[in-house]
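Here the structure comes first, spelled out in structure tokens, and everything after it is commentary.
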Amino acid sequence: MTIFIGKNFTVYYICTSSTNEALPTNSNLLKRNIQVQETCPLCKQQKENESHLFRDCTISARIWASLGLGIRTCPIHFISIEEWVKNFLKLFWKEDGVKSSRTSEFIATLWAIWLHRNNIVFRIEVVNPLAIVDTKIILLKELDESVKIKERNSSLSPIGTKIEDRDLNSQGIHSNEDCIVLVDGAWKRCKQNHPRAGIGWSAHFNNIKIFDGNAAVISTSSLQTEAHAILRGLREAINNGINRVHIYSDNKELVQALNKRQYPFEVATLAHDIQALRNKFISCKIHKVSREVVTPAHVLATAARLGKIVS
Ligand SMILES: [Zn+2]
């Protein structure tokens with residue numbers, strides 16, 4: 001797991017490397033033949049790895065329990081640290097909305113644990129759970145300040161700039177509060193009555209993938225398959241508590257048809273379902289993007305077409 005906290009903590013990014021061992025925790029360094037203590041620098045009892053450091057360590061567990069986020073860790077966890085983090089982020093966004101203060105506190109705490117760990121390892125500081133709490137408070141203050149500055153700047157912008165911003169938005173640059181759902185359909189003509197078609201969707205919020213999936217569909221054309229993909233992308237967004245969504249599709253014909261509300265016969269029914277679902281969002285925009293942009297969804301759609309459904 002890698003956590004990048006970007007500019008002003010507004011960009012969170014978590015990715016899973018193929019080995020799940022992206023952070024240079026002590027166990028990982030040992031595997032790369034760097035001679036360090038393998039023991040956790042916080043509790044000095046267990047082996048250090050990401051799950052232990054951020055969640056299972058007695059010191060980290062004590063921090064989580066003290067926060068009032070409702071997080072209780074137990075000695076044995078059956079889910080990976082990535083899933084654990086993602087589950088809490090999803091829960092907080094779902095229950096609190098996109099400006100969830102619990103999300104900020106959760107991320108700031110993970111970050112503070114990591115900073116304290118580095119201070120112990122590299123600056124020979126002593127273990128002090130209170131230092132983690134203090135660092136978290138500082139990180140949250142910085143976050144709060146940056147949000148205020150951002151809000152002040154946007155309210156000072158001249159009207160002309162705002163229109164420009166809106167134009168930029170329609171081209172695919174969005175505020176941090178919007179969820180982007182990449183969708184794609186994969187369809188191949190074949191001799192059977194029902195050609196096998198697959199759809200894929202991949203949703204991102206603040207650069208974090210929050211959910212994705214794929215499914216096989218019955219479809220008679222690539223246009224119809226893409227319509228299935230958009231419809232499903234919207235449904236999944238609703239199910240995940242998203243209320244501002246941008247759908248990215250690489251199918252120009254369909255995006256234009258949906259935006260003009262004039263539909264080719266083969267997608268008319270699906271298009272009406274899509275428009276009905278759009279009304280359930282506070283804001284829902286459908287954009288035509290290049291094929292490269294929807295690659296994650298394309299990979300999922302192709303897999304579904306070939307019968308490989310991800311859970
Ligand atoms: Zn420990």
Side-chain angles (χ1 to χ4, degrees), residues 1-6 9 11-93 95 100-143 206-210:
M1 178 182 73
T2 311
I3 303 171
F4 295 109
I5 306 220
F9 305 94
V11 180
Y12 313 138
Y13 184 69
I14 296 170
C15 74
T16 311
S17 70
S18 54
T19 56
N20 289 343
E21 289 163 0
L23 283 178
T25 53
N26 285 343
S27 297
N28 294 341
L29 290 174
L30 273 185
K31 282 174 202 156
R32 292 176 211 154
N33 293 323
I34 298 168
Q35 289 305 310
V36 288
Q37 297 284 313
E38 202 182 5
T39 320
C40 166
L42 296 184
C43 66
K44 301 186 170 41
Q45 285 173 1
Q46 307 281 320
K47 258 171 128 180
E48 186 197 39
N49 56 43
E50 286 145 26
S51 303
H52 175 81
L53 179 70
F54 291 110
R55 180 187 63 193
D56 305 335
C57 180
T58 48
I59 303 282
S60 301
R62 228 194 293 166
I63 301 288
W64 292 120
S66 72
L67 289 182
L69 291 175
I71 299 175
R72 291 283 177 278
T73 63
C74 54
I76 303 166
H77 275 276
F78 295 102
I79 59 165
S80 69
I81 186 75
E82 289 92 345
E83 288 303 314
W84 188 78
V85 168
K86 271 193 235 167
N87 288 348
F88 276 113
L89 291 177
K90 276 191 205 169
L91 175 79
F92 297 150
W93 278 324
E95 290 186 353
S100 166
S101 61
R102 287 194 292 173
T103 299
S104 307
E105 188 160 10
F106 184 65
I107 295 276
T109 305
L110 286 168
W111 196 237
I113 291 171
W114 180 240
L115 292 178
H116 190 55
R117 178 257 181 215
N118 288 342
N119 284 339
I120 296 164
V121 173
F122 302 115
R123 296 187 185 161
I124 331 284
E125 278 188 16
V126 290
V127 180
N128 178 6
L130 281 179
I132 299 178
V133 177
D134 288 344
T135 307
K136 182 212 73 180
I137 293 168
I138 293 167
L139 291 172
L140 280 174
K141 266 189 194 155
E142 285 178 13
L143 170 68
N206 274 341
N207 285 339
I208 301 180
K209 187 178 81 189
I210 47 172

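Heavy atoms only: backbone and side chains are in, while hydrogens, waters and symmetry mates are out. In each ligand, atom 1 is the first atom listed, and ligand 1 is the first ligand listed. If you're wondering where the values come from, they're calculated on a predicted model, not measured in any experiment. Numbering starts at 1 and runs along the sequence shown.
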field: Protein N/O/S count near the Zn ion (ligand 1) (criterion: distance under 2.8 Å)
entry: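 Step by step: take the Zn ion (ligand 1), keep protein N, O, S below 2.8 Å, and you get 4.
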field: Candidate list Glu48, Glu50, Glu125, test salt bridge (charged side-chain N to carboxylate O under 4.0 Å, His left out), partner Arg117, passing option
entry: Glu48
- prompt: Do you know which two heavy atoms are closest between Lys44 and Thr39, and how far apart they sit?
  reply: C-CG2, 3.2 Å
- prompt: Who pairs with Thr135 by side-chain contact (heavy atoms from CB on, under 4.5 Å), at least two apart in sequence or on another chain?
  reply: Ala112, Leu115, Leu139
task: Please state whether the rings of Phe88 and Phe106 are parallel, tilted or perpendicular, taking 30° and 60° as the class boundaries.
output: tilted
task: Using the test side-chain hydrogen bond (donor to acceptor under 3.5 Å, both in side chains), find all partners of Gln45 that sit at least two apart in sequence or belong to another chain.
output: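 Per chain and number, Gln45 pairs via side-chain hydrogen bond (donor to acceptor under 3.5 Å, both in side chains) with no residue.
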task: Any pair with a residue in residues 103-113 that passes salt bridge (Lys or Arg N to Asp or Glu O under 4.0 Å), sequence neighbours left out, goes on the list, sorted by first then second residue, please.
output: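 Checked against salt bridge (Lys or Arg N to Asp or Glu O under 4.0 Å) - neighbours excluded - the pairs reaching residues 103-113 are Glu105-Lys136.
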